[in-house]
Amino acid sequence: MIHSLFLINPSGDIFLEKHWKSVVSRSVCDYFFEAQERASEAENVPPIIPTPHHYLLSVYRHAIFFVAVIQTEVPPLFVIEFLHRVVDTFQDYFGSCSEAVIKENVVVVYEVLEEMLDNGFPLATESNILKELIKPPTILRSVVNTITGSSNVGDQLPTGQLSVVPWRRTGVKYTNNEAYFDVIEEIDAIIDKSGCTVAAEIQGVIDACVKLSGMPDLTLSFMNPRLLDDVSFHPCVRFKRWESERILSFIPPDGNFRLLSYHVSAQNLVAIPVYVKHGISFREGSSSGRFEVTLGPKQSMGKSVEGVTLTGQMPKGVLNMTLTPSQGTYVFDPVTKLLSWEVGKINPQKLPSLKGTMILQAGCSKPDENPTLNLNFKIQQLAISGLKVNRLDMYGEKYKPFKGIKYMTKAGKFQVRT
């Protein structure tokens with residue numbers, strides 16, 4: 001399985017390494033560094049890099065590369081999923097997962113990694129179980145450990161580890177019993193010059209925060225479960241019940257967890273919530289060009305589109321831009337040729353626009369193609385796929401919990417070709 005794990009920052013420094021079987025030399029990362037140099041951006045580094053004696057599998061999150069070294073062939077998604085679980089665990093333990101935070105809590109990081117893998121095979125990957133094995137760091141605990149020389153390792157086995165529901169500890173008690181679910185959808189789309197959709201898909205997740213006493217058994221049903229494609233569940237979900245009735249039935253872990261992730265790829269089901277009107281033109285032999293962009297809501301079901309930003313990589317021949325935004329502020333970097341426009345919230349009565357001229361290099365030929373614009377936005381209280389939770393019921397406990405469902409749609413890779 002996994003022999004070693006290397007944590008590498010964007011400047012190519014290995015700032016943490018952990019070995020489970022034999023020690024693998026750092027020189028194995030040279031193959032990774034070569035691939036990193038060839039990639040234009042950090043996200044474009046291939047996730048799987050074969051070397052003469054090893055395979056390197058990596059994920060890039062929070063400006064850190066998590067690189068796993070394996071010697072025998074294993075399902076690559078298995079390793080990549082484990083690496084994502086490591087990142088999520090660090091985030092849960094320390095509040096964030098940056099290089100500085102990992103260095104600050106290096107002892108706890110090594111203790112957690114030691115529990116998550118046993119001889120290279122995944123062992124305890126549930127946050128609840130890990131927190132009973134290795135106590136999360138607090139200022140008071142750090143002071144006590146420094147004075148007494150003790151560690152964060154718990155003194156007894158987790159209660160849930162030996163039960164049929166290893167993701168939930170026993171004897172959980174809360175004064176306020178509550179269960180909240182967030183349905184978050186990310187829309188990836190490519191819109192062509194004429195405004196037609198070339199490709200569009202939705203990646204969705206349902207994140208839960210469940211703080212319920214005892215051992216509750218929950219069922220969650222949807223108005224339109226047939227929308228969901230390619231669904232991936234948390235281990236607590238009873239798959240047979242989903243297959244037969246399209247109902248989520250589960251004993252939830254305690255605290256925050258991802259209940260399921262799904263995919264909607266049927267293009268007729270993907271509504272595009274914003275439109276971009278653009279007029280970008282370069283005249284042959286002229287030292288100036290025209291730039292005009294207007295944004296507006298479309299199929300947003302009456303909800304307001306917020307947090308809108310538009311970015312575009314301008315052609316090399318553009319020296320500067322003189323633009324007038326009707327709303328928000330724009331920045332053009334003459335070195336990187338990157339235009340960024342912070343729009344904010346779209347008001348349907350007064351649509352935001354950005355108009356002006358581009359100053360081109362003298363004697364420079366007309367650019368081969370117009371720039372591509374990338375859009376970022378979010379819409380509260382809307383799942384763009386139309387997914388709706390019907391009801392949430394609880395069995396096995398007598399009390400009445402507080403229940404809440406929140407929806408949000410945001411842009412993933414949303415590209416408009418001009």
*Evaluate the ring-ring contact (aromatic ring centres under 6.0 Å, His included) criterion for residues His19 and Phe6: first the C-alpha distance (whole Å), next the side-chain angles of each, then the deciding distance (0.1 Å), finally the verdict.*
CA-CA 9 Å; His19 307 281; Phe6 294 97; 5.8 Å; yes
*Ring centroid separation Phe414 to Phe377 under 6.0 Å*: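 Ring centres of Phe377 and Phe414 closer than 6.0 Å.
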_Is it the case that the ring center of His54 lies less than 6.0 angstrom away from the ring center of Phe32?_
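Judged by ring-centre distance (under 6.0 Å), Phe32 and His54 do not meet the cut-off.
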N-O pairing of [X] and [Y] below 4.0 Å:
X: Arg258; Y: Asp88; answer: no
X: Arg241; Y: Glu243; answer: no
X: Lys18; Y: Glu114; answer: yes

*Can you list every salt bridge (charged side-chain N to carboxylate O under 4.0 Å, His left out) pair that touches residues 334-359, not counting sequence neighbours?*
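Sorted pair list comes back empty.
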Backbone of [Y] reached by a side-chain donor or acceptor of [X] within 3.5 Å:
X: Asn105; Y: Val108; result: no
X: Gln380; Y: Ser304; result: no
X: Gln327; Y: Val343; result: yes
X: Asn370; Y: Ile280; result: yes

*Gln415 CD to Lys413 NZ distance, which is reported to the nearest 0.5 Å*: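 So the gap between those two atoms works out to 9.5 Å.
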*Roughly how far, to the nearest 0.5 Å, is the CG atom of Leu227 from the NZ atom of Lys388?*
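Rounded to the nearest 0.5 Å, the NZ-CG separation comes out at 10.5 Å.
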Does some side-chain heavy atom of [Y] sit less than 4.5 Å from a side-chain heavy atom of [X]?
X: Trp20; Y: Ile2; answer: yes
X: His62; Y: Ser98; answer: no
X: Phe90; Y: Phe66; answer: yes
X: Phe282; Y: Arg290; answer: no

*Whether over 12 other heavy atoms sit under 6.0 Å from Arg26 CZ*: yes
*Taking atom CZ of Arg61 as the centre, does the number of heavy atoms from other residues, nucleotides or ligands within less than 6.0 Å exceed 12?*
yes
*Determine whether the side chains of Asp254 and Tyr174 contain a donor N or O and an acceptor N or O closer than 3.5 Å.*
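The criterion, which ignores hydrogens and geometry beyond distance, is satisfied for Tyr174 and Asp254.
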*Show your working on side-chain hydrogen bond (donor to acceptor under 3.5 Å, both in side chains) between Gln203 and Glu201 and close with a plain yes or no.*
CA-CA 7 Å; Gln203 313 284 351; Glu201 59 180 26; 3.0 Å; yes
_Working for side-chain hydrogen bond (donor to acceptor under 3.5 Å, both in side chains), residues Tyr262 and Glu185_ = CA-CA 9 Å; Tyr262 60 90; Glu185 295 191 338; 2.5 Å; yes
_side chain to side chain donor-acceptor pair (under 3.5 Å) contacts in which one or both residues fall within residues 208-226, not counting sequence neighbours_ =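 Pairs touching residues 208-226 that pass the test: Asn177-Ser213, Asp217-Arg238.
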